Amino acid sequence: MSCGESKVVCVTGASGFIASWLVKILLQRGFTVKATVQDPNDQKKIDHLLSLDGAKERLHLFKANLLEEGSFDPVVDECEGAELIDPALKGTLNVLGSCVKVQSIKRVVITSSIAAVAFNGKPLTADVIIDESWFSDLAFCEKVKLWYTLSKTLAEEAAWKFAKEKGIDIIYYNKSGMGDRPSFTANSEP
């Protein structure tokens, strides 16, 4: 019996690079995966998912709109975990709102950007360790017009606040697209 047998998880943005690997690993471990993609009929963007071992039996693709409240309700229904890939503020809260309705979800893993933790006006020297004590400063981001960074930071702050209020266990993985050092913040808030 594999570790995920009979367990159902949700992965959003499943056709993306990191999410595709997550789907592959979850399927290999026996999980059933309810995955969202922009267009479940776009074969070019989903073929790599459909060809994964176990996909035919345990991968279910859904179309969900991050900006449409409630659109994730059927996706997270009966899930025990959820993975979010790069949503902005409203999308993050919409998915978390759906997750909080499902008691079987034990943890939500949100993959965001290192932008949410690396820009606070302090020098980013080689001896700096970017962890849960190092977050992007909203005022600094606005001053220097780092709008993407600002949106990611706002989304992370809103997610931590929501998780605390609703009692959801979340983990944030802040990835870098440039090969920089990622930050992994778990069960702590800014």
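All figures in this text were calculated on a predicted structure; none of them were measured in a lab. Only this structure's heavy atoms are used, side chains among them; waters, hydrogens and symmetry mates stay out.
Counting only heavy atoms from C-beta outward, the side chains of V37 and L49 approach each other to under 4.5 Å. In this structure, E156 and F135 have side chains that are in contact, with non-hydrogen atoms separated by less than 4.5 Å. With a 4.5 Å cut-off on side-chain heavy atoms, V8 and H60 do not count as touching. Taking the side chain as every heavy atom from C-beta outward, F72 and T12 approach each other to under 4.5 Å.
The side chain to side chain contact (heavy atoms under 4.5 Å, CB included) check on L154 picks up L138, L150, with sequence neighbours excluded. Partners of V102 according to the side chain to side chain contact (heavy atoms under 4.5 Å, CB included) rule, which considers only residues two or more places apart in sequence or in another chain, are V76, S104, I105. Qualifying side chain to side chain contact (heavy atoms under 4.5 Å, CB included) partners for A115, counting only residues two or more places apart in sequence or in other chains: S113, F119, Y148, T149. Under the side chain to side chain contact (heavy atoms under 4.5 Å, CB included) criterion, V9 pairs with L26, F31, V33, sequence neighbours left out.
Using modelled atom types, no side-chain atom of K152 and backbone atom of N174 make a donor-acceptor pair closer than 3.5 Å. No donor-acceptor pair under 3.5 Å is formed between the side chain of T36 and the backbone N or O of K63.
Going from atom CD of E78 over to atom CD of E80 covers 10.5 Å, rounded to the nearest 0.5 Å. Put simply, OG1 on T92 and CD on E157 are 12.5 Å apart, with the number rounded to the nearest 0.5 Å. In this structure, the separation between CG on D39 and CD1 on I46 is 7.5 Å, given to the nearest 0.5 Å. Atom-to-atom distance recorded for N65:CG and Q38:CD is 9.5 Å, nearest 0.5 angstrom. Note that NZ of K166 is 11.0 Å distant from NZ of K161, once rounded to the nearest 0.5 Å. One distance of note links OH of Y173 with CG of L22; it measures 12.0 Å at 0.5 Å rounding.
There is no path of hydrophobic side-chain contacts, each under 4.5 Å, that joins L89 to L146. I25 and V23 are not part of a single hydrophobic cluster, where members link through side-chain heavy atoms under 4.5 Å apart.
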- Query: Run the side-chain contact (heavy atoms from CB on, under 4.5 Å) check on K143 and D137 step by step: do they pass?
  - Reply: CA-CA 10 Å; K143 179 182 174 184; D137 179 81; over 6 Å; no

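Pairing each heavy atom of I170 with each of A159, the nearest pair is CD1-O, 3.7 Å. Residues P74 and G70 share a closest heavy-atom pair of CD-O, 3.9 Å. Between Y172 and S112 the shortest heavy-atom distance is CE2-CB, 3.4 Å. The minimum heavy-atom distance between L50 and L61, with the atom names listed, is CD2-CD1, 4.0 Å. The heavy-atom pair separating L27 from G54 by the smallest distance is CD2-O, 3.9 Å.
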Result block: side-chain N/O donor-acceptor pairs under 3.5 angstrom for residues 93-101, not counting sequence neighbours:
| from | atom 1 | to | atom 2 | distance (Å) |
| --- | --- | --- | --- | --- |
| N94 | ND2 | L66 | O | 2.8 |
| S98 | OG | D73 | N | 3.4 |
| S98 | OG | D73 | OD1 | 2.6 |
| S98 | OG | N94 | O | 3.4 |
| K101 | NZ | D73 | OD2 | 3.2 |

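Annotation for Q103: atom CD does not count as buried by contact number, only 12 or fewer foreign heavy atoms lying within 6.0 Å.
Residue pairs meeting the side chain to side chain donor-acceptor pair (under 3.5 Å) criterion with at least one member in residues 44-55, sequence neighbours excluded: S20-H48.
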